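Small disclaimer: the values here were computed from a predicted structure and weren't measured.
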Amino acid sequence: MSQTNGLTKLAYSRAWHHVSASTPHHALSTIRPVPSPADPNITAPSLGRLASRIAILLMGKHKPIFDPSTDCGDYVVVTNCSSLHTTGKKKWQKMYYRHNTRPGSLKQVLRKAVSGMLPKNRLRDDRMGRLKAFEGDAHPYKGNIVKFAGRSMVARWPPREAKSETTATI
């Protein structure tokens, strides 16, 4: 199928998403009913919730052209992996090892969790290659992140701009 048929020319292009593991995400909150974005009870998502959201972005399930046999997912840059947390006693009961039997870093834990949530097929390695994880806030892909109005769209709750606009109009 040609990528230039109809209006689907840009549908197959890959975007870069930035996810911070230490920032509270309103959509991944476990509080029900879903609280307002200004609620201080929203915490950073746990490892499993963050990994499932990343797996959806890597597979391309958020796109209207999703097909299980086509690799149409996007790039995902995850920062602040050092602040990942798990729920319950998993932090003490589970140990993640790399091939050299030394304990892995938290970005390796995130990669293993995302890998377990991707389909076990020939596209898995390519999808995992588009996941870029970093322990800190710095990464070399800042120029690639999707930006709107000159700002990257990292989830920040409560939105700082919305507060200033509401106070200016009152």
Side-chain angles (χ1 to χ4, degrees), residues 14-63 66 68 70-142 144-148 151-160:
R14 299 192 195 280
W16 287 73
H17 300 274
H18 181 211
V19 178
S20 177
S22 63
T23 305
H25 296 274
H26 183 258
L28 300 178
S29 175
T30 58
I31 303 171
R32 296 291 181 255
V34 177
S36 69
D39 191 4
N41 295 332
I42 299 175
T43 60
S46 63
L47 172 65
R49 288 181 180 271
L50 192 64
S52 66
R53 177 65 182 146
I54 292 169
I56 288 172
L57 291 173
L58 289 174
M59 287 186 285
K61 280 193 167 184
H62 63 290
K63 294 183 176 183
F66 172 71
T70 306
D71 193 10
C72 59
D74 293 337
Y75 288 89
V76 180
V77 178
V78 184
T79 56
N80 298 323
C81 287
S82 58
S83 63
L84 281 173
H85 73 278
T86 57
T87 56
K89 296 181 179 180
K90 289 188 280 285
K91 189 173 188 176
W92 296 279
Q93 291 177 347
K94 292 181 85 171
M95 181 61 79
Y96 294 94
Y97 288 100
R98 291 193 284 190
H99 62 86
N100 61 0
T101 68
R102 294 184 184 265
S105 64
L106 288 176
K107 72 178 183 180
Q108 298 294 346
V109 172
L110 178 69
R111 290 185 68 82
K112 183 173 173 72
V114 171
S115 176
M117 293 185 184
L118 289 174
K120 284 66 173 176
N121 59 17
R122 62 183 174 83
L123 301 173
R124 185 183 202 182
D125 292 336
D126 293 337
R127 290 172 175 165
M128 284 302 295
R130 289 196 308 270
L131 173 63
K132 315 294 183 188
F134 299 96
E135 293 286 336
D137 201 23
H139 61 87
Y141 302 106
K142 291 184 181 180
N144 299 345
I145 304 296
V146 176
K147 295 182 181 179
F148 297 100
R151 294 188 332 244
S152 67
M153 301 306 291
V154 180
R156 287 189 182 95
W157 299 103
R160 295 178 189 139

Please tell me if the side chains of [X] and [Y] come closer than 4.5 Å, counting only heavy atoms from C-beta onward.
{"X": "Val78", "Y": "Lys132", "result": "no"}
{"X": "Leu110", "Y": "Ile54", "result": "yes"}
{"X": "Val77", "Y": "Trp16", "result": "yes"}
{"X": "Val76", "Y": "Leu58", "result": "yes"}
{"X": "Arg49", "Y": "Arg53", "result": "no"}
{"X": "Phe134", "Y": "Pro140", "result": "yes"}

- Item | Nearest-0.5 Å distance that lies between atom CZ in Arg14 and atom SG in Cys72 |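 That separation rounds to 7.5 Å.
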- Find the distance between SG (Cys81) and CG (Leu106) and round it off to the nearest 0.5 Å.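 One finds 7.5 Å between SG of Cys81 and CG of Leu106.
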- Task: Test Arg124 against Lys120 for side-chain contact (heavy atoms from CB on, under 4.5 Å), laying out the working first.
- Result: CA-CA 6 Å; Arg124 185 183 202 182; Lys120 284 66 173 176; 3.4 Å; yes
- Using ring-ring contact (aromatic ring centres under 6.0 Å, His included) as the criterion, list what pairs up with His62, not counting sequence neighbours.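 Once residues adjacent in sequence are excluded, the partners of His62 under the ring-ring contact (aromatic ring centres under 6.0 Å, His included) criterion are His17.
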All side chain to side chain contact (heavy atoms under 4.5 Å, CB included) counterparts of [X], not counting sequence neighbours:
{"X": "Lys142", "result": "His139"}
{"X": "Met128", "result": "Arg111, Val114, Ser115, Leu118, Leu131"}
{"X": "Leu123", "result": "Asp71, Asn121, Arg127"}
{"X": "Thr86", "result": "Leu47, Lys90, Lys91"}

Nearest heavy atoms of [X] and [Y], plus distance in Å:
{"X": "Lys63", "Y": "Asp74", "value": "NZ-OD1, 2.9 Å"}
{"X": "Thr79", "Y": "Gly136", "value": "CB-O, 3.5 Å"}
{"X": "Ala44", "Y": "Ser22", "value": "CB-O, 3.9 Å"}
{"X": "Ala51", "Y": "Ala113", "value": "CB-CB, 3.9 Å"}

- Task: Mind checking side-chain hydrogen bond (donor to acceptor under 3.5 Å, both in side chains) for Thr70 and listing every partner two or more places apart, or none if nothing turns up?
- Result: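 Residues passing side-chain hydrogen bond (donor to acceptor under 3.5 Å, both in side chains) with Thr70: Asp67.
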- Side-chain donor/acceptor of Ser82 to backbone N/O of Glu135, under 3.5 Å: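 A pair under 3.5 Å: yes.
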- Message: What I want to check is whether the side chains of Ser46 and His85 have a donor and an acceptor closer together than 3.5 Å.
- Response: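 Distance-only check fails for Ser46 and His85.
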- Message: Per the salt bridge (charged side-chain N to carboxylate O under 4.0 Å, His left out) rule, what does the pair list look like for residues 80-89, sequence neighbours excluded?
- Response: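 Qualifying pairs, neighbours excluded: none.
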